[in-house]
Amino acid sequence: MKAIVIYESLTGNTRDAGDLIAAELRASGVDTKSCAVDRVDLQWLSESDLVVVGTWVDGLFFFGQKPGRPWKLAKMPVIDGKKTVIYCTYATDPGKVLDKLQGVVERRGGDVIGGYAIKRNDIVGGASEFVDRFMGAAEVQSKLAKA
Ligand SMILES: Cc1cc2nc3c(=O)[nH]c(=O)nc-3n(C[C@H](O)[C@H](O)[C@H](O)COP(=O)(O)O)c2cc1C
């Protein structure tokens, strides 16, 4: 089984989370590559059974939260019906960013099966929790069984 992590990151937290998620997936036997949203390995994406998309939270900390640099996310390559799990990294309150990111991903054809918000003060723990939940999802287990 193959997977790709696609992230949008301004100061590095979402990239670090994406890299950690990719490393944990590799440790679980899923061949995974992590790419910035504007540098996606299209060949890898086309061969991937699962897609992970992450963004940071931009807003006024408790109001108006939205995915960071949405124009970059809106231009992400088409995902074409692949099972997709989303995450965001945030400081104080992610608001409705996962719902908004789900909309962006669905407009690129992704089939979103779950999402998780990772607080920036524990990127390592959050990434690990994300992968535990992700790997436990029934859709992922059925893909693993077929791989
Ligand atoms: C301009 C700006 C606005 C932000 N707005 C929010 C916000 O509204 N709510 C929040 O919880 N975090 C907010 N944050 C914190 C970031 O979402 C958090 O630090 C995130 O982990 C950054 O990810 P990155 O390092 O991948 O860019 C903001 C950060 C910046 C730079």
Side-chain angles (χ1 to χ4, degrees), residues 1-137 139-140 143:
M1 192 164 101
K2 212 162 179 176
I4 189 164
V5 180
I6 298 172
Y7 59 79
E8 154 53 29
S9 181
L10 183 67
T11 61
N13 297 333
T14 317
R15 180 200 59 219
D16 291 350
D19 290 348
L20 287 163
I21 289 165
E24 291 227 9
L25 287 173
R26 283 196 295 274
S28 311
V30 182
D31 201 6
T32 310
K33 185 166 189 173
S34 170
C35 305
V37 68
D38 51 2
R39 301 183 63 177
V40 174
D41 181 331
L42 295 175
Q43 181 71 27
W44 199 282
L45 172 60
S46 74
E47 291 165 5
S48 291
D49 307 289
L50 295 162
V51 181
V52 178
V53 179
T55 187
W56 55 284
V57 172
D58 185 10
L60 301 172
F61 286 85
F62 291 101
F63 305 96
Q65 296 96 330
K66 61 182 193 325
R69 298 196 289 195
W71 58 92
K72 287 190 155 199
L73 289 166
K75 282 197 272 176
M76 90 172 82
V78 166
I79 298 176
D80 255 354
K82 291 179 192 287
K83 299 286 176 216
T84 306
V85 189
I86 56 176
Y87 71 96
C88 66
T89 71
Y90 70 101
T92 49
D93 180 357
K96 299 228 179 310
V97 162
L98 288 176
D99 291 344
K100 292 176 182 172
L101 182 59
Q102 177 167 353
V104 173
V105 169
E106 286 174 349
R107 283 191 285 281
R108 306 310 283 165
D111 176 12
V112 177
I113 59 169
Y116 189 63
I118 299 174
K119 200 161 185 174
R120 72 176 178 192
N121 63 3
D122 186 15
I123 295 288
V124 174
S128 172
E129 174 74 23
F130 174 86
V131 173
D132 285 350
R133 291 181 183 213
F134 174 16
M135 294 305 285
E139 289 92 336
V140 177
K143 291 262 179 204

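Any value given below was found using the heavy atoms of this structure, including those in side chains, with hydrogens, waters and symmetry copies removed. Since the structure is predicted, the reported quantities are computational estimates derived from the model, not experimental observations. Each ligand, and each atom within it, is numbered from 1 in the order the structure gives.
Side chain of T32 to backbone of V30: a donor-acceptor contact under 3.5 angstrom is found. Not one N or O on the side chain of D31 forms a donor-acceptor pair closer than 3.5 Å with the backbone of K2.
The line from CZ of R69 to CG of D38 is 7.5 Å long, rounded to the nearest 0.5 Å.
A salt bridge is defined here as a Lys NZ or Arg NE, NH1 or NH2 lying under 4.0 Å from an Asp or Glu carboxylate O, and D58 with K66 meets this definition.
Closer than 4.0 angstrom to ligand 1 by heavy atom are S9, L10, T11, G12, N13, T14, W56, V57, D58, G59, L60, F61, Q65, T89, Y90, A91, T92, D93, R120, sorted by chain and number.
Ring-centre distance between Y116 and Y87: not below the 6.0 Å cut-off.
Among residues two or more places apart in sequence or in another chain, the ring-ring contact (aromatic ring centres under 6.0 Å, His included) test is passed with Y7 by none.
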